[in-house]
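Side chains are part of it too, since the values below use all heavy atoms of this structure and drop only hydrogens, waters and symmetry mates. Letters A, B, ... are given to chains in the order of the sequence lines, protein chains preceding strands, and every chain is numbered from 1.
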Amino acid sequence: MYRIVAKKELAPAVKSLTIDAPLVAKNARPGQFIIVRIDEKGERIPLTIAGLDVQQGTITTIFLEVGKTTEQLGRLNEGDAISDLAGPLGNPTEIKNYGRVVCVGGGVGVAPLYLVAKALKDAGNEVISIIGARTKELLIFEDEMQQASDELYIATDDGSKGHHGFVTDVLQELIAKQKIDRVLAVGPTVMMRAVAKVTKNHNIKTVVSLNPLMVDGTGMCGACRVTVGGETKFTCVDGPEFDAHLVDFEELMNRQRTYITEEKVALERCGRCRH
Amino acid sequence: MPSLKKQPMSEQEVDKRIHNFDEVALGYTPEQAITEAKRCLQCTKPSCTQGCPVGIEIPAFIKHIADEDFDGAIKVIKKKNNLPAICGRVCPYENQCEKFCVLGKKGEPAGIGRLERFVADYERKKGARIPEKAGASGKRVAVVGSGPAGLTVAADLAKLGHDVVIYEALHESGGVLMYGIPEFRLPKEVVRAEIEYVKQLGVDIQTNVVIGKTISIDELREEFDAIFIGTGAGLPHFMNIPGENLCGIYSANEFLIRTNLMRAYKFPEYDTPIKVGKRVAVIGAGNVAMDSARVALRLGAEEVRIVYRRSEKEMPARAEETAHAKEEGIKFEFLTNPIRMAGENGWVKQLECIRMKLGEPDESGRRKPIPIEGSEFALDVDTVVVAIGQKPNPLIAKMTKGLRITEKGAVWIDENGKTSMEGVFAGGDITTGTATVIEAMGAGKKAARAIHEYVSR
């Protein structure tokens with residue numbers, strides 16, 4: 001069992017859980033992820049790593065309640081425990097001094113991006129970050145990203161904070177102003193696709209962290225397969241980061257919708273057991 | 001003169017079993033077991049034993065059954081085999097012990113597999129006895145992977161007095177016994193009971209530890225006197241044909257993991273979903289393909305087809321599995337090779353195939369299938385399961401510098417199961433590619449002997 005040592009609500013339906021997992025904390029690096037299963041009847045879902053504390057032996061994960069499992073996870077409190085947690089999975093982000101790097105984060109994708117931005121800054125990069133959300137209440141990790149970046153830009157779809165519009169609008173302005181050596185994007189697939197489109201026109205190397213469906217997370221099932229540069233890759237072991245200009249985003253989004261009907265059934269059933 | 005035929009084993013009725021996941025074969029009654037045991041000729045120089053990868057003294061255990069001493073029988077088996085209820089269900093005995101049985105020359109061989117299952121089930125219902133163990137050696141061994149190879153190494157070494165920790169990447173131990181082989185062929189309760197026996201020998205099993213990620217092999221080497229790698233052949237092959245990433249196309253691994261490990265057949269009581277439409281095509285004709293086809297049927301498919309590029313004769317599945325699949329109404333498209341998967345709105349709709357003919361034997365010794373030009377046709381499908389084999393799991397190989405890997409991606413070992421790294425041993429599918437449960441157990445036994453020697457040196 002893996003005990004929850006701290007819980008925070010960062011925004012409506014966005015929760016942060018700090019979980020006791022010393023072995024994972026010890027070897028985890030920015031860009032990696034975990035797989036959790038809440039209880040005996042639970043599914044295995046991948047979650048990002050948004051914080052690490054090697055001394056305390058804990059990791060922090062931040063998620064949006066979008067389905068049955070994340071809702072159920074969001075209802076757990078400090079002192080509760082989940083039955084399974086495996087990781088760190090996937091390959092860490094390649095951290096080097098690239099020069100000027102733009103980190104683009106959307107929604108809860110900002111949380112794992114924070115560790116990446118921090119590592120890039122520590123490696124000597126000039127880090128410019130753009131973070132976005134639908135509205136300002138949903139914006140998370142603003143302070144953390146401020147600390148990890150030389151410059152921080154904010155975009156909200158409704159204009160309630162920062163730029164009124166998309167993160168890609170800000171990205172385009174930045175590209176017009178200066179030379180950018182690398183772009184990293186973590187967020188909803190549509191956002192990552194949009195970022196890839198913008199940077200491809202300017203030939204800027206761009207890395208995205210993909211979030212397909214997953215089951216085992218260790219390369220056994222192939223549920224997370226994506227086409228990258230015409231080849232099938234397994235996100236869990238070959239990724240989760242890939243060259244954004246080579247990813248088949250349409251296929252990824254199609255595969256993410258595989259269980260839409262079942263997800264609704266599970267969520268409704270979960271709603272019933274709560275009330 | 002013993003009867004020419006084996007005592008038949010009762011099975012669940014076909015029209016009932018295709019709607020449930022309960023075990024198909026029901027096992028012998030004590031009377032049937034005794035009658036069958038009495039068929040054994042008790043050869044003074046038995047040849048059956050040479051067919052057993054773990055070296056069970058077969059005539060001896062059968063003699064105990066004939067004498068109605070079931071406790072004595074299981075004691076003989078467990079001297080060599082720690083997982084008899086599993087082996088009694090999934091061993092391909094027709095190619096092993098039973099192949100060498102003298103009775104087989106004129107009639108059917110002695111039902112060795114069925115008898116093994118009978119006594120193992122007898123003991124499980126009664127509660128397994130824990131054998132005497134050697135005194136503590138003070139040596140520590142790490143076992144990576146809790147499938148048949150890992151469980152065997154761990155149990156044998158624990159009996160010899162070593163302190164053994166198994167690391168399992170998934171949330172449940174058992175490896176392929178848990179995620180791969182379906183409930184109706186190998187009930188998970190049976191697997192859990194045999195794993196419990198291994199634990200009672202003193203083996204500690206740590207789940208959710210992905211060696212190579214959570215802990216590296218180098219970190220393990222600091223803490224343990226020896227390491228055994230038994231991570232299996234977990235990487236599924238795909239066809240690499242257009243359309244393979246449409247929705248509705250599963251690797252057999254995914255299809256079986258969702259069903260067996262995650263209990264998707266009980267969705268929404270269990271959270272993991274699986275989607276099976278009316279028409280299912282399973283590509284491949286091994287045991288995993290038969291399992292996938294029979295799972296699809298039980299998940300509600302109306303028409304399930306095996307699509308195989310060679311002919312019935314070359315099928316790698318056990319005859320018993322194929323017979324069960326046929327009884328259950330699985331259809332077979334032999335000499336048929338998929339060339340493209342076509343979809344609509346992102347979902348697979350058709351499996352485009354070409355008919356094949358057999359040419360000269362290839363490197364596997366089987367006649368090579370050759371496409372017949374102009375014979376393309378399409379099967380309407382809602383779900384496709386790709387069951388054309390698995391490769392050794394690449395995770396440890398990738399994450400461990402200094403570990404020699406073969407061209408086929410397997411961990412290289414010498415004849416004693418030693419890898420290229422000092423104190424690191426390996427066995428099972430990670431060294432051979434896909435094989436059987438019992439072969440993995442045989443490799444585990446061999447490695448256990450080598451590890452014992454190594455740590456006792």
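Note on A/Glu262 versus A/Arg269: no salt bridge recorded, every NZ/NE/NH1/NH2 to OD/OE distance being 4.0 Å or above. We find that A/Lys205 and A/Asp243 are joined by a salt bridge, their nearest charged nitrogen and carboxylate oxygen being less than 4.0 Å apart. Taking a cutoff of 4.0 Å between a charged side-chain nitrogen and a carboxylate oxygen, B/Glu223 and B/Arg221 do not qualify as a salt bridge. At a threshold of 4.0 Å, the pair A/Arg37-A/Asp84 counts as salt-bridged, since one of the basic side-chain nitrogens sits closer than that to a carboxylate oxygen.
Ranked by heavy-atom pairs under 4.5 Å with chain B, the list A/Gly222, A/Ala223, A/Gly67, A/Ala266 is led by A/Ala223. Put simply, of A/Gly42, A/Ala21, A/Gly217, the one with the most heavy-atom pairs under 4.5 Å next to chain B is A/Gly42. Contact count versus chain B (heavy atoms, under 4.5 Å) is highest, among A/Glu251, A/Arg44, A/Lys26, for A/Arg44. The choice from B/Asn240, B/Val209, B/Ile249 that makes the most heavy-atom pairs within less than 4.5 Å of chain A is B/Ile249.
At a threshold of 4.5 Å between non-hydrogen side-chain atoms, the residues B/Tyr179 and A/Asp216 do not count as touching. Looking at heavy atoms from C-beta onward, A/Val215 lies in side-chain contact with B/Arg258 at the 4.5 angstrom threshold.
For A/Gln32, the part lying under 4.5 angstrom from a heavy atom of chain B is the side chain only. Heavy-atom distances place both the backbone and the side chain of A/Val237 under 4.5 Å from chain B. For chain B, the nearby part of A/Leu85 is the backbone; its heavy atoms alone come within less than 4.5 Å. Proximity to chain A (any heavy atom under 4.5 Å) is shown, for B/Ile215, by both the backbone and the side chain. Heavy atoms of B/Asn245 lying under 4.5 Å from chain A belong to its backbone as well as its side chain. Contacts between A/Glu40 and chain B at a heavy-atom distance below 4.5 Å involve backbone atoms as well as side-chain atoms. Heavy atoms of A/Arg255 lying under 4.5 Å from chain B belong to its backbone as well as its side chain. Contact of B/Lys266 with chain A is not made at all, since no heavy-atom distance falls under 4.5 Å. With a threshold of 4.5 angstrom between heavy atoms, A/Ser83 approaches chain B through N, CA, C or O but not through any side-chain atom. For B/Leu395, the part sitting under 4.5 Å from any heavy atom of chain A is the side chain, from C-beta outward, and nothing else.
A/Asn27 and B/Glu219 are linked by a side-chain donor-acceptor pair at a separation below 3.5 angstrom, with hydrogens and angles left out of the test.
By the 30° and 60° cut-offs, the orientation of the rings of B/Tyr250 relative to A/Tyr259 is tilted.
Paired with B/Val164 under the rule side chain to side chain contact (heavy atoms under 4.5 Å, CB included), one option of B/Asp204, B/Ile205, B/Val143 passes, and it is B/Val143.
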